[in-house]
Amino acid sequence: MASQNMDPAAASSTAALKGSETSGSVSKGSVTKRLQQELMTLMMSGDKGISAFPESDNLFKWIGTIDGAQGTVYEGLRYKLSLEFPSGYPYNAPRVKFITACFHPNVDENGFICLDILKDKWSALYDVRSILLSIQSLLGEPNNDSPMNSAAAELWDDQEAFKAHLHATYKN
């Protein structure tokens with residue numbers, strides 16, 4: 001199903017797009033419409049522990065929140081994330097990173113997240129809700145095979161020590 005990631009605008013002949021200054025505004029309009037729809041879906045979903053809203057009046061830049069899932073070392077903690085949507089969204093993945101410092105095997109010191117759906121496994125079928133739910137799930141189930149934070153990865157097997165370090169360094 002590679003076609004789900006293909007941008008229909010890119011598939012059009014370049015001759016049809018030559019000299020057309022409106023093509024950029026048309027695609028931006030479709031991205032805006034998609035993001036407005038995703039905002040409504042997210043607000044109506046009733047999912048506990050995740051939320052996201054545009055930052056001020058910029059629909060291409062959102063602030064999200066994720067609560068640590070129950071039964072994980074992250075339970076009771078809340079994290080803020082930034083989501084930046086490219087003009088090629090949803091065919092190109094958004095740039096997502098933690099604003100709140102997050103001690104986790106798959107999050108680096110700058111807040112960048114190693115998650116396949118934000119990189120090589122991205123699909124236009126994903127939306128903000130699925131991204132936030134995936135990151136929330138990643139908190140409790142890291143991929144220690146490819147850690148971005150080796151100290152967190154090494155400590156992960158000792159959940160009590162990990163939790164102690166996590167809570168000692170957590171700043172909301």
Side-chain angles (χ1 to χ4, degrees), residues 4 31-86 89-90 92-172:
Q4 71 191 14
V31 174
T32 299
K33 187 175 180 179
R34 164 84 183 237
L35 289 171
Q36 288 170 334
Q37 179 184 5
E38 288 191 29
L39 179 59
M40 280 303 260
T41 300
L42 189 60
M43 288 173 24
M44 302 299 283
S45 73
D47 289 313
K48 297 216 183 301
I50 63 165
S51 66
F53 297 96
E55 186 179 299
S56 65
D57 61 350
N58 184 353
L59 198 58
F60 286 76
K61 195 167 184 175
W62 293 23
I63 298 293
T65 59
I66 294 179
D67 293 339
Q70 288 186 339
T72 71
V73 293
Y74 293 91
E75 183 176 355
L77 304 180
R78 175 169 283 176
Y79 292 91
K80 281 189 178 178
L81 299 102
S82 71
L83 296 91
E84 293 182 23
F85 300 92
Y89 183 80
N92 302 108
R95 184 171 165 245
V96 183
K97 66 180 260 185
F98 280 91
I99 296 171
T100 308
C102 182
F103 183 71
H104 188 276
N106 304 118
V107 179
D108 73 10
E109 64 277 354
N110 297 313
F112 291 105
I113 307 161
C114 182
L115 182 61
D116 58 357
I117 69 159
L118 295 175
K119 308 276 188 265
D120 58 326
K121 300 286 189 211
W122 175 254
S123 165
L125 299 175
Y126 292 126
D127 59 8
V128 173
R129 180 179 173 269
S130 61
I131 292 167
L132 294 176
L133 289 171
S134 295
I135 295 170
Q136 186 181 46
S137 176
L138 180 70
L139 286 179
E141 299 172 23
N143 177 1
N144 271 342
D145 294 335
S146 63
M148 291 181 83
N149 181 334
S150 56
E154 290 171 19
L155 201 53
W156 181 258
D157 289 334
D158 183 349
Q159 288 286 280
E160 287 303 313
F162 189 95
K163 185 175 182 177
H165 181 82
L166 175 67
H167 286 266
T169 58
Y170 175 80
K171 292 179 185 82
N172 190 358

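Counting from 1, the numbers follow the sequence of the chain as shown. Computation of the quantities below employed the complete heavy-atom set of this structure, encompassing side-chain atoms and omitting hydrogens, waters and symmetry-equivalent molecules.
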Worksheet item: So Tyr89 and Phe85, would you call those rings parallel, tilted or perpendicular, with 30° and 60° as cut-offs?
Response: perpendicular

What distance do [X] atom [atom1] and [Y] atom [atom2] have between them, rounded to the nearest 0.5 Å?
X      : Y      : atom1 : atom2 : result
Ser130 : Ile135 : OG    : CD1   : 9.5 Å
Leu138 : Leu115 : CG    : CG    : 5.5 Å
Cys114 : Asn149 : SG    : CG    : 12.0 Å
Glu84  : Asn58  : CD    : CG    : 8.5 Å

Least distance between heavy atoms, [X] atom then [Y] atom:
X      : Y      : value
Ile113 : Leu81  : CD1-CD2, 4.0 Å
Ile117 : Ser134 : CD1-OG, 3.5 Å
Pro105 : Asn144 : CB-OD1, 3.2 Å
Arg129 : Ser45  : NE-CB, 3.8 Å
Pro94  : Leu118 : O-CD2, 4.4 Å

Could you tell me whether the side chain of [X] and the main chain of [Y] form a donor-acceptor pair under 3.5 Å?
X      : Y      : value
Ser137 : Leu133 : no
Asn110 : Phe112 : no
Asp127 : Glu38  : no
Gln37  : Lys33  : no

Worksheet item: Are the side chains of Asp116 and Asn143 in touch, meaning some heavy atoms are under 4.5 Å apart?
Response: no

Discussion item. My understanding is that only one of Asp47, Ile131, Ile66, Thr72 makes a side chain to side chain contact (heavy atoms under 4.5 Å, CB included) with Gln136; could you say which?
Written reply: Ile66

Item to complete: Start with the C-alpha distance between Leu139 and His104, add both sets of side-chain angles, then the distance that settles side-chain contact (heavy atoms from CB on, under 4.5 Å), and finish with yes or no.
Response: CA-CA 7 Å; Leu139 286 179; His104 188 276; 3.9 Å; yes

Response to the item:
Residue pairs passing the ring pair (Phe, Tyr, Trp, His ring centres under 6.0 Å) test with at least one member in residues 144-172, sequence neighbours excluded, are Tyr79-Tyr170, Phe103-Phe162, Phe103-His165, Trp156-Phe162

Worksheet entry | Stepwise side-chain contact (heavy atoms from CB on, under 4.5 Å) check, Phe53 with Ile63 | CA-CA 6 Å; Phe53 297 96; Ile63 298 293; over 6 Å; no

